Amino acid sequence: LLFFVPAFVEAQPLLIACLCGALAGACGAITSHPIDTIFALRTTGGGKDIPSLDKLFRGVGARVLIYSPGIALTFLVYDAAKTYLGVGGSALMQTLDLLRP
């Protein structure tokens, strides 16, 4: 979306930040779910061996629904604060230039 419709991205930066946050939350939930499942099974004594893929990903949909809105809200608040304070990409680069020796 960012590459195909740049005018929409410039016109709706808060919506894009919210969508990117939801996507990031979903990716993080999907990525971390299998290892959390293994830890939970080992802790409760139910996992002597590595479970099958269907058991590893059981409940991942609920986890995505829990984490995606929270990360989307985080991205939205961050981008809204940047917009409200008038801080753009060039201002952030100037700050980074100050940190160089």
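Everything numeric here is computed off the predicted structure, so don't read it as measured data.
- Cys18 contributes atom SG, which lies 7.5 Å from atom CG of Leu73 (distance to the nearest 0.5 angstrom).
- Evaluation of the side-chain hydrogen bond (donor to acceptor under 3.5 Å, both in side chains) test over residues 22-32, restricted to residues two or more places apart or in two chains, returns Ser32-Arg63.
- Of all heavy-atom pairs spanning Pro69 and Ile66, the tightest one is CD-O, 3.7 Å.
- With sequence neighbours left out, the side chain to side chain donor-acceptor pair (under 3.5 Å) criterion links Thr43 to no other residue.
- The shortest non-hydrogen separation linking Ser68 to Ala22 is OG-O, 3.3 Å.
- When atom types are taken as modelled, the side chain of His33 and the backbone of Arg58 share a donor-acceptor pair closer than 3.5 angstrom.
- Between the OG1 atom in Thr74 and the CG atom in Asp79 there is a gap of 12.5 Å [rounded to 0.5 Å].
- For the atom pair CG (Leu76) and OH (Tyr78), the distance works out to 13.0 Å, reported to the nearest 0.5 Å.
- Under the side chain to side chain contact (heavy atoms under 4.5 Å, CB included) criterion, Pro51 pairs with Ile38, Leu41, Lys55, Leu56, sequence neighbours left out.
- In this structure Ala24 satisfies the side chain to side chain contact (heavy atoms under 4.5 Å, CB included) test together with Ile71, Phe75, sequence neighbours excluded.
- By the side chain to side chain contact (heavy atoms under 4.5 Å, CB included) test, Leu85 pairs with Val87, sequence neighbours left out.
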